[in-house]
Amino acid sequence: MAERVAGPEIERLIQLLARLPGLGPRSARRAALHLIRKREELLSPLADAMRVAHERILVCSACGNIDTSDLCSVCADPRRDPAIIVVVETVADLWALERVGALRARYHVLGGALSPLDGVGPSDLGLDSLPGRVEADGVREVIIAVNATVDGQTTAHYITDILSHLDVKVTRLAHGVPMGGELDYLDEGTLSAAIRQRAAF
Ligand SMILES: [Zn+2]
């Protein structure tokens with residue numbers, strides 16, 4: 001086992017940082033050292049920001065987005081077209097689409113994709129509430145913006161099925177999205193082209 005290089009407080013900081021996506025033990029150690037060196041201008045404000053976020057974060061009851069108010073700022077924005085709903089797998093995908101800024105729509109965050117092998121069914125994903133939301137809000141277009149994975153495509157077909165009896169256009173992102181591609185990792189040009197060139201399902 002490796003020698004400990006620091007006291008338990010610092011080791012704990014490193015261990016927690018190492019749990020972040022994209023950070024292994026080595027980069028967690030570098031990040032911890034950086035934070036400790038910049039104690040006043042980075043470590044302290046970061047700790048405050050994390051505490052405030054932890055206290056104030058809410059899940060939007062309308063769309064599943066994460067924000068500090070319910071409704072979230074996307075749902076509460078009056079300039080958005082309530083007749084367009086974009087279905088995404090994760091909040092990260094919603095944020096990726098918002099970064100591109102090509103849509104003035106509202107969202108429906110599933111929290112994942114259908115995965116029969118892993119026991120993830122429609123009721124786990126808030127899919128049950130989608131047709132009701134489409135009817136109640138007078139939605140004219142549902143844009144399916146799930147990942148181009150097998151589970152994502154299973155989910156897309158299921159959504160098309162449960163909306164087929166409603167008077168709503170169902171579209172999907174264009175094929176700029178590579179197979180297996182996750183929205184959050186696409187560059188902004190590819191993503192906005194995929195939105196503009198969306199096609200009927
Ligand atoms: Zn919302």
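First listed ligand is number 1; within each ligand, the first listed atom is number 1. Scope of the values below: all heavy atoms of this structure, side chains included, with no hydrogens, waters or symmetry mates.
Both I143 and W95 belong to a common hydrophobic cluster when Ile, Leu, Val, Met, Phe, Trp and Tyr are linked at side-chain heavy-atom distances under 4.5 angstrom.
A donor atom on one side chain and an acceptor atom on the other are not found under 3.5 Å apart for T154 and D151.
Every residue two or more places apart in sequence or in another chain that forms a salt bridge (charged side-chain N to carboxylate O under 4.0 Å, His left out) with R79 is listed here: D77.
Protein-derived N/O/S atoms nearer than 2.8 Å to the Zn ion (ligand 1) total 4, waters excluded.
Taking the side chain as every heavy atom from C-beta outward, D70 and S61 approach each other to under 4.5 Å.
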| request: Show your working on side chain to side chain donor-acceptor pair (under 3.5 Å) between D93 and T90 and close with a plain yes or no. | output: CA-CA 5 Å; D93 295 335; T90 64; 3.2 Å; yes
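Residues V86 and A145 share a closest heavy-atom pair of CG1-CB, 3.8 Å.
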